[in-house]
Amino acid sequence: MDSDDDNVEETVEGPLDEDNQPDGFCKVTYSSSDRFEGHFIHGEKNGPGKFYFFDGSTLEGNCVDDALQGQAVYTYEDGSSLHGTYIDGELNGIAHEYDSEGQLTFEGQYKDNVRWGVCWMYFSNGGCLVGEVNEDGEMTGDKIAYVYPDGRMALLGKFVDGEIIEGHLANLKCVTEGKPQFELVPNGPVYSLDKSTSFCISTKCLLPDPYENERVYVAESLIPNAGEGLFAKIEAEPDTVMAFYNGIRITHQEVDSRDRSLNGNTIYFDDDTVIDVPEPYNSTKQYCASLGHKSNHSFVPNCIYAMFIHPRFGPIKCIRTIRAVERGEE
């Protein structure tokens with residue numbers, strides 16, 4: 001993302017001055033196949049311009065004395081972008097980053113091209129990380145927090161590169177000039193990264209997720225012969241994350257090769273992985289760390305499964321409402 005480069009100029013298309021230097025609007029292609037299109041004054045970039053890099057990314061802004069100055073936009077090859085402030089060709093100041101669909105993924109500051117100070121990192125399907133990054137710009141420290149999709153409940157504590165090591169339940173009380181203020185919930189349990197494997201669903205099977213625990217409960221389903229179902233503890237607006245679907249991670253081949261009676265709690269995760277909640281973990285007496293597997297199919301659904309990055313379980317599926325849901329509704 002640095003606008004300075006040491007490439008040897010290969011070709012120049014446009015007007016030249018008496019010293020054969022670019023002067024005016026020119027297209028300059030470098031030996032690396034990077035290209036700059038913009039205004040020059042006697043060989044130096046001055047005015048609006050755009051870099052086109054060999055990997056398909058671009059950087060557009062205003063140059064002064066051969067270096068980017070002020071607001072500029074770096075667009076990655078996948079369409080995601082960084083909108084930041086440049087001083088002498090380097091990122092310094094407030095920056096915002098967006099995914100390819102224009103959704104905010106980062107809010108904070110950069111110093112000499114590295115994230116700096118208190119930063120917010122947003123996940124596409126809800127939740128965020130916030131805290132003061134380390135010298136490498138990573139979410140590493142003892143006062144980092146994961147904030148749940150409600151924007152209130154949080155897990156505050158020690159994180160390493162965005163992964164929770166030791167988190168304590170807290171509430172986000174306010175945000176002042178981009179800096180959050182949390183209040184710890186006393187005498188709460190400790191949460192840590194607990195991503196499932198092909199043989200271990202969780203190391204703390206009976207530790208409920210605090211966010212989910214406020215929103216849903218398990219009871220006998222209203223659907224005939226469906227067994228247990230998942231019900232709303234609270235009223236919820238459309239597009240609200242209500243529950244999480246964690247489980248062991250197995251392959252599609254394993255699912256397809258076994259008896260169908262064993263696949264009652266399987267859900268597609270991606271082209272390689274299926275999430276499964278096998279016996280005996282179907283019983284809440286054996287497993288209640290997540291409850292998404294208790295939801296039942298309906299031909300008139302009020303929710304959908306969606307991807308979710310969970311602070312404890314890692315990438316899983318969540319249950320998200322598609323319409324308003326009443327308290328006590330299955």
Side-chain angles (χ1 to χ4, degrees), residues 118-123 125-134 138-176 178-197 200-219 230-236 240-248 277 281 283-295 308-320 327:
V118 175
C119 296
W120 296 73
M121 296 174 61
Y122 301 95
F123 299 110
N125 285 302
C128 68
L129 286 171
V130 60
E132 186 169 346
V133 298
N134 67 5
E138 300 169 339
M139 280 288 184
T140 296
D142 294 330
K143 294 182 179 180
I144 306 294
Y146 172 87
V147 182
Y148 279 94
D150 64 353
R152 175 186 61 83
M153 184 177 290
L155 299 179
L156 174 67
K158 183 177 181 179
F159 284 69
V160 174
D161 198 13
E163 292 188 347
I164 188 169
I165 304 300
E166 183 179 307
H168 301 269
L169 189 61
N171 289 311
L172 176 59
K173 306 303 292 184
C174 65
V175 178
T176 304
K179 297 181 179 180
Q181 299 294 324
F182 293 97
E183 182 178 83
L184 284 170
V185 176
N187 304 317
V190 175
Y191 300 89
S192 58
L193 185 64
D194 192 19
K195 185 178 178 181
S196 65
T197 66
C200 178
I201 191 169
S202 173
T203 60
K204 295 182 179 179
C205 291
L206 300 180
L207 177 61
D209 180 86
Y211 175 92
E212 182 183 64
N213 195 45
E214 280 193 355
R215 285 160 178 78
V216 296
Y217 65 95
V218 176
L230 197 63
F231 294 80
K233 280 185 178 181
I234 60 171
E235 295 181 355
T240 298
V241 174
M242 297 292 286
F244 304 112
Y245 203 125
N246 180 52
I248 64 170
V277 184
Y281 303 112
S283 168
T284 53
K285 293 181 180 179
Q286 299 293 325
Y287 176 79
C288 60
S290 63
L291 299 173
H293 60 284
K294 290 297 183 180
S295 62
F308 194 85
I309 305 297
H310 193 278
R312 178 177 164 197
F313 306 125
I316 55 170
K317 288 291 184 79
C318 71
I319 294 179
R320 182 186 295 274
R327 181 179 179 181

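Values in this document were obtained by computation on a predicted structure and should not be read as measured data. Residue indices begin at 1 and follow the sequence shown.
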Let me confirm one number: the [atom1]-[atom2] distance from [X] to [Y], rounded to the nearest 0.5 Å.
X: Cys174; Y: Glu183; atom1: SG; atom2: CD; result: 10.5 Å
X: Gln181; Y: Asn171; atom1: CD; atom2: CG; result: 13.5 Å
X: Leu155; Y: Leu169; atom1: CG; atom2: CG; result: 6.5 Å
X: Thr240; Y: Ile234; atom1: OG1; atom2: CD1; result: 7.5 Å
X: Phe159; Y: Leu129; atom1: CZ; atom2: CG; result: 6.0 Å
X: Leu207; Y: Ser202; atom1: CG; atom2: OG; result: 7.5 Å

[X] versus [Y], closest heavy-atom pair with distance:
X: Pro180; Y: Leu172; value: CB-CD1, 3.5 Å
X: Glu212; Y: Gly292; value: OE2-N, 3.7 Å
X: Ala145; Y: Phe182; value: CB-CZ, 3.5 Å
X: Thr284; Y: Lys294; value: CG2-CE, 4.1 Å
X: Cys318; Y: Phe308; value: CB-CB, 3.8 Å
X: Arg215; Y: Met242; value: O-CE, 3.6 Å

Carboxylate-amine/guanidinium contact Glu163 Lys195, below 4.0 Å: no
Side chain to side chain contact (heavy atoms under 4.5 Å, CB included) partners for Asp142, two or more places apart: Lys158
Side chain to side chain contact (heavy atoms under 4.5 Å, CB included) evaluation trace for Asn125 with Arg320: CA-CA 9 Å; Asn125 285 302; Arg320 182 186 295 274; 3.4 Å; yes
Does some side-chain heavy atom of [Y] sit less than 4.5 Å from a side-chain heavy atom of [X]?
X: Trp120; Y: Val130; value: yes
X: His168; Y: Leu156; value: no
X: Val216; Y: Lys233; value: no
X: Cys288; Y: Asn213; value: no
X: Val133; Y: Met139; value: yes

Pairs where residues 200-219 contributes a residue and the test ring-ring contact (aromatic ring centres under 6.0 Å, His included) is met, not counting sequence neighbours: Tyr148-Tyr211, Tyr211-Phe244, Tyr217-Phe231
[X] side chain vs [Y] backbone, donor-acceptor pair below 3.5 Å:
X: Ser295; Y: Leu230; result: no
X: Lys204; Y: Val190; result: yes
X: Thr140; Y: Asp161; result: yes

Short side-chain donor-acceptor distance under 3.5 Å, Tyr281 and Asn246: no
Any donor-acceptor N or O pair under 3.5 Å, side chains Asp209, Ser290: no
Option among Ile164, Thr203, Ile165, Val160 that satisfies the side chain to side chain contact (heavy atoms under 4.5 Å, CB included) test with Leu193: Ile164
Side chain to side chain contact (heavy atoms under 4.5 Å, CB included) evaluation trace for Cys205 with Gln286: CA-CA 7 Å; Cys205 291; Gln286 299 293 325; over 6 Å; no
